[in-house]
Protein chains: 2
Amino acid sequence: MSGGVEWALHCCVVLTSVEEPASAARLAQLHDVSPSYLAKQLQALSRAGLVRSIQGKSGGYVLTRSPALITVLDVVEAVDGPGPAFVCTEIRQRGPMATPPQSCTAPCAISRAMAVAEAAWRDALRSVSVADLARDVGSDYGPGALAGMGKWLSAGEAPLDLRRLDRGPVQAEHKLITTAEEEE
Amino acid sequence: MSGGVEWALHCCVVLTSVEEPASAARLAQLHDVSPSYLAKQLQALSRAGLVRSIQGKSGGYVLTRSPALITVLDVVEAVDGPGPAFVCTEIRQRGPMATPPQSCTAPCAISRAMAVAEAAWRDALRSVSVADLARDVGSDYGPGALAGMGKWLSAGEAPLDLRRLDRGPVQAEHKLITTAEEEE
DNA sequence: ACTTACTCGGACATTTGTTATCCGAGATAA
DNA sequence: TTATCTCGGATAACAAATGTCCGAGTAAGT
């Protein structure tokens with residue numbers, strides 16, 4: 001599974017608590033991840049119609065609909081692709097003992113078992129919405145945690161330049177806690 | 001998901017209908033797949049303890065236990081690795097708004113949702129055994145189909161050399177049905 | 001209305017994992 | 001005893017994911 005899924009999900013959760021657009025660069029430095037690559041994931045979300053991109057000086061990304069209507073499966077499919085993880089190669093139709101094609105109208109037993117398992121996986125992901133995730137974050141770390149992130153995102157005091165940010169002190173030496181005034 | 005899982009599952013199913021060891025080379029040419037690479041998958045099954053390897057002149061692979069006690073999940077984990085597909089990077093502990101470590105004893109909401117989904121996936125795969133697959137094959141293509149493959153495997157008339165087989169006419173031009181007498 | 005600066009979007013390298021291959025160690029049958 | 005067939009791990013070729021860069025476009029400020 002693609003690792004960018006995690007980033008995209010975190011972004012969707014924090015986008016829950018902002019009304020103004022949040023830029024990719026700011027989201028990247030909030031999570032301390034590669035800005036250029038996070039931009040790629042956000043583009044995928046935009047292509048899937050989950051977020052709306054706003055260009056211009058104070059542009060960024062906004063959710064297109066209520067967080068309750070965006071499932072985790074939507075995000076996963078947007079980033080990792082909608083196709084199933086297991087693809088049947090139809091090797092039953094190959095080799096000396098090949099099954100004749102007229103007997104292969106239905107998928108084989110192996111393919112069926114895999115499909116059932118993936119369906120269960122998708123159902124589980126579909127039953128959780130971004131709103132659910134946001135609520136869990138609130139009950140885990142307190143109601144102010146998520147709001148604080150939204151406020152930090154909206155506090156666009158220092159404009160960000162993506163080109164400079166890429167080689168910045170991001171993830172310099174695994175320091176987990178950094179002061180917010182370092183850019184002043 | 002690794003494509004070799006499909007090969008390994010097919011091999012386990014056909015191993016259901018043989019008592020004598022089946023060599024990797026013969027299994028490969030039965031399914032018309034790369035012999036060298038199939039050998040790798042069978043080694044993984046051997047390492048996981050699902051099949052037993054027998055060396056020597058008439059050696060090969062045999063299932064270690066009853067097919068009813070080998071689940072599809074066992075095979076998938078043996079080939080693709082037992083680790084979960086989604087790994088949490090703990091990005092909640094990074095960036096300016098990092099969550100303090102003492103608040104991160106339990107996994108985050110995103111990680112939990114993913115874990116639940118993967119558990120459902122694994123449960124579905126665990127509920128299907130190789131014996132179930134073999135039975136389904138019987139009811140799909142008739143009881144003789146699987147027995148025929150077992151018989152073909154045991155009919156070791158012409159010894160096989162893996163080195164020659166790799167550049168052989170395997171998958172030469174997508175011909176699906178080949179005669180069994182071509183090697184005579 | 002123009003300029004400017006900031007935004008997204010897609011095209012371009014690099015790294016990791018999968019796919020495929022080869023040759024050596026070991027054991028069995030003759 | 002010998003020779004041959006077997007598995008097993010170490011070794012390349014390929015693909016996909018990861019990470020990076022610059023150009024097109026738009027909103028704000030002058």
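The sequence lines fix the lettering, A, B, ..., with proteins before strands; numbering per chain opens at 1.
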Quiz item: OP1 or OP2 of D/dG8 sitting under 4.0 Å from any side-chain N/O of B/Ser46?
Solution: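 So the side-chain polar atoms of B/Ser46 do come within 4.0 Å of the phosphate oxygens OP1 or OP2 of D/dG8, strictly under.
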
Practice problem: Take atom CD of B/Gln43 and atom C1' of C/dC23, then tell me their distance rounded to the nearest Å. | Solution: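 Checked: the CD to C1' distance equals 13 Å.
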
Quiz prompt | Chi angles and distances behind the side chain to side chain donor-acceptor pair (under 3.5 Å) call for A/Thr89, B/Glu6 | solution = CA-CA 8 Å; A/Thr89 329; B/Glu6 187 185 4; 2.4 Å; yes

Quiz item: Rounded to whole angstrom units, what separation is found between the CZ atom of B/Arg52 and the P atom of D/dC7?
Solution: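 Between P of D/dC7 and CZ of B/Arg52: 14 Å.
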
Quiz item: Is there side-chain contact between B/Leu42 and B/Val51, with at least one heavy-atom pair below 4.5 Å?
Solution: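 Heavy-atom side-chain distance check fails, nothing below 4.5 Å.
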
Practice problem: In sequence, state the C-alpha distance, the side-chain angles, and the governing distance for A/Asp140 and B/Arg112, and then conclude on salt bridge (charged side-chain N to carboxylate O under 4.0 Å, His left out). | Solution: CA-CA 12 Å; A/Asp140 279 355; B/Arg112 269 177 283 164; 2.4 Å; yes

Quiz item: Hey, is the side chain of B/Ser34 poking within less than 4.0 Å of OP1 or OP2 on C/dT21, counting only N and O atoms?
Solution: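 Result: yes.
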
Self-check item: Contact nearer the 5' end of DNA chain C, comparing B/Leu38 with A/Ser53
Solution: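 Comparing both residues, the 5'-ward one is A/Ser53.
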
Exercise. Send over the distance from A/Tyr61 OH to C/dT7 P, rounded to a whole Å.
Key: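 Atom OH in A/Tyr61 sits about 11 Å away from atom P in C/dT7.
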
Result block: side-chain N/O donor-acceptor pairs under 3.5 angstrom for residues 102-109 of chain A, not counting sequence neighbours:
none

Self-check item: A/Gln41 CD to C/dG9 C1', straight-line distance once rounded to whole Å
Solution: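 Rounded to the whole Å, the gap is 14 Å.
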
Quiz item: Relative to B/Trp152, does B/Arg26 satisfy both conditions: NZ or CZ under 6.0 angstrom from the six-membered ring centre, and within 45 degrees of the ring's axis?
Solution: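 So B/Arg26 does make the cation-pi contact.
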
Quiz item: Around atom CZ of A/Arg52, are there more than 12 heavy atoms of other residues, nucleotides or ligands at under 6.0 Å?
Solution: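 At most 12 heavy atoms, drawn from other residues, nucleotides or ligands, come within 6.0 Å of this atom.
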
Quiz item: Can you find a donor-acceptor pair, distance only, under 3.5 Å between A/Gln55 side chain and C/dG9 base?
Solution: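 Such a pair does not exist between side chain and base.
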
Quiz item: Could B/Asp32 and A/Arg92 be called an ion pair, given the rule that one side-chain N must be under 4.0 Å from one carboxylate O?
Solution: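 Salt bridge between B/Asp32 and A/Arg92, a charged N being under 4.0 Å from a carboxylate O: no.
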
Quiz prompt | Closest to side chain of B/Lys57, choosing from C/dT28, C/dG9, C/dC8 | solution =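 Nearest listed nucleotide: C/dT28.
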
Practice problem: Mind calculating the distance between CH2 (B/Trp7) and C1' (C/dT19) to the nearest angstrom? | Solution: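 Those two atoms, CH2 and C1', are 8 Å apart.
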
Quiz item: Quick one: is A/Arg47 getting a side-chain N or O under 4.0 Å of the C/dG10 phosphate, OP1 or OP2?
Solution: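 Indeed, a polar side-chain atom of A/Arg47 lies that close.
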
N/O-N/O pairs, protein side and nucleotides 11-17 of chain D side, under 3.5 Å:
none

Practice problem: Measure from CG on B/Leu27 to P on D/dT6 and round the result to the nearest Å. | Solution: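 After rounding, the gap between these two atoms is 11 Å.
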
